[in-house]
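A short worksheet on the structure shown next.
Below, each value reflects all heavy atoms present in this structure, side chains not excepted, and no hydrogens, waters or symmetry copies. Since we're looking at a predicted model, the values are computed, not measured. All ligand and atom numbering here is 1-based and tracks the order in the structure.
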Amino acid sequence: MATKDFNTADSATAIQTIDRVVDVIAATAPEIRAGLPGRRIKAEETNPSGETQMAADVFADDLLCKRLGGLDGVGEYASEERPEAIDVGTGDLSVAVDPLDGSSNLKPNNTVGTIFAVYDAPLPARGTDLVAAGYVLYGPIMTMIVARGGTVSEYVITDESNYELVRDDITLPDEGTVYGFGGRVPDWTDDFTQFARDVEKDPSRKLRYGGSMIGDVNQILTYGGIFSYPALESAPEGKLRVQFETYPIGYILETAGGSSSNGEKSLLAVAKDDLHARSPLHIGNSDLVAELEAALA
Ligand code: P6P
């Protein structure tokens, strides 16, 4: 279970800061969503991972940096869209965000999300420094998942000043029924290909892959199963970024009683010193993640 005491001296302040981070994410999400229609175009730049930035990525990042950076308890802000972490004050906690995960899916009007991670350490931090993590899912309904204090909750965001708890103490269903595997099949390793074939031929499971991680992860959190963006022959470290994606998603799934893995160990145990380092990601029911690790051993 991904829980820990605070490194900072005053945990009451840290808890208050996490409350404020969650409030700011919920308050900013409607504005991000409202700004999407006119920003489905590519910006002139690429992000530090070398991916084409969408205008919506930059828009969401600017909003979140301003709002989160203005919180007293936050000392550093980093995002997938910025090369370095920036000092935003004297607070003890650091916030890392993927402002708009899956923004390339805006073109087909597919699901996108905002991922946030709160670390009790300077950035780049370790998975064990996480004290809270969550994501907004811009679906038919705008929802927010928050993992903190050993539990996972779901909220519906109604407007800038309102979000309401709809589910708490969320845990994965015992029997996982959906699976989603990223990357191109010819680029999968032989071991992963064999694992994927074994999962696919189980008649109790069905494919759910939307190409936008937050939508796919939310399927796993709802129905149970496994989602992987694996190591690829062309990219042995996979595609997803540790500080902004694999740490927070691993934290959420482990807090919900599931498991996470980079193929051999918990995503939270993966140690990377580069702010934009990547890792293979496998999350879901513990039995399936254990089968995955055995297949790749
Ligand atoms: P592919 C979106 O660009 C993203 O970062 C994740 O949200 C998603 O899981 C993955 O990339 C999709 O990658 O190779 O299927 O387009």
Side-chain angles (χ1 to χ4, degrees), residues 29 32-33 36 39-43 45-61 78-82 96-117 133-139 143 145 178-189 192-193 196 200 207-222 225-253 260-263 267 272 275-284 292:
I32 291 175
R33 184 179 199 158
L36 295 181
R39 294 181 171 89
R40 296 165 76 180
I41 47 171
K42 291 183 175 155
E45 311 293 320
T46 56
N47 69 17
S49 299
E51 296 161 338
T52 304
Q53 275 182 326
M54 304 294 282
D57 288 313
V58 177
F59 169 70
D61 180 41
S79 87
E80 252 189 30
E81 308 310 324
R82 296 168 187 259
V97 300
D98 179 357
L100 206 62
D101 176 68
S103 56
S104 54
N105 289 282
L106 284 174
K107 193 169 174 186
N109 192 27
N110 199 342
T111 304
V112 292
T114 293
I115 308 172
F116 67 93
Y135 56 80
V136 173
L137 173 53
Y138 300 96
T143 55
I145 291 289
V178 300
Y179 62 87
F181 300 139
R184 299 170 195 275
V185 175
D187 205 7
W188 290 350
T189 62
F192 183 74
T193 301
E200 289 161 352
L207 171 63
R208 284 289 181 274
Y209 186 80
S212 181
M213 178 173 61
I214 290 309
D216 295 326
V217 167
N218 213 52
Q219 293 260 15
I220 301 298
L221 205 54
T222 307
I226 186 165
F227 170 78
S228 295
Y229 204 100
L232 304 171
E233 295 292 358
S234 65
E237 291 305 302
K239 175 178 185 181
L240 302 175
R241 274 66 36 141
V242 170
Q243 296 288 318
F244 313 104
E245 294 170 309
T246 67
Y247 276 167
I249 296 304
Y251 183 84
I252 293 165
L253 266 293
S260 78
S261 177
N262 68 341
L267 289 171
K272 298 278 184 179
L275 184 65
H276 294 278
R278 301 171 192 262
S279 167
L281 172 143
H282 309 276
I283 53 100
L292 174 278

### Query
What do the steps show when you test R241 against D98 for salt bridge (charged side-chain N to carboxylate O under 4.0 Å, His left out), and what is the final call?
CA-CA 9 Å; R241 274 66 36 141; D98 179 357; 5.3 Å; no
### Message
Checking side-chain polar atoms at under 3.5 Å, does N262 have a donor or acceptor matched by the opposite partner on S279?
### Response
no
### Query
Is any side-chain heavy atom of L106 less than 4.5 Å from a side-chain heavy atom of L100?
yes
### Task
Flag this pair as yes if the NZ/CZ of R33 is under 6.0 angstrom from the six-membered ring centre of Y138 and inside a 45 degree cone about the axis; otherwise no.
no
Mind listing the N or O contacts between ligand 1 and protein, cut-off under 3.5 Å?
from	atom 1	to	atom 2	distance (Å)
ligand 1	7 (O)	D101	OD1	3.0
ligand 1	7 (O)	D101	OD2	3.0
ligand 1	7 (O)	M213	N	2.8
ligand 1	9 (O)	M213	N	3.3
ligand 1	11 (O)	K239	NZ	3.0
ligand 1	13 (O)	K239	NZ	3.1
ligand 1	14 (O)	Y229	OH	2.7
ligand 1	15 (O)	Y209	OH	2.7

### Sequence-distant partners of M213, side-chain contact (heavy atoms from CB on, under 4.5 Å), two or more places apart
D101, I115, V217, F227, L240, E245, I249, L281
### Task
Please check if the distance between the ring centroids of F244 and F116 is under 6.0 Å.
no
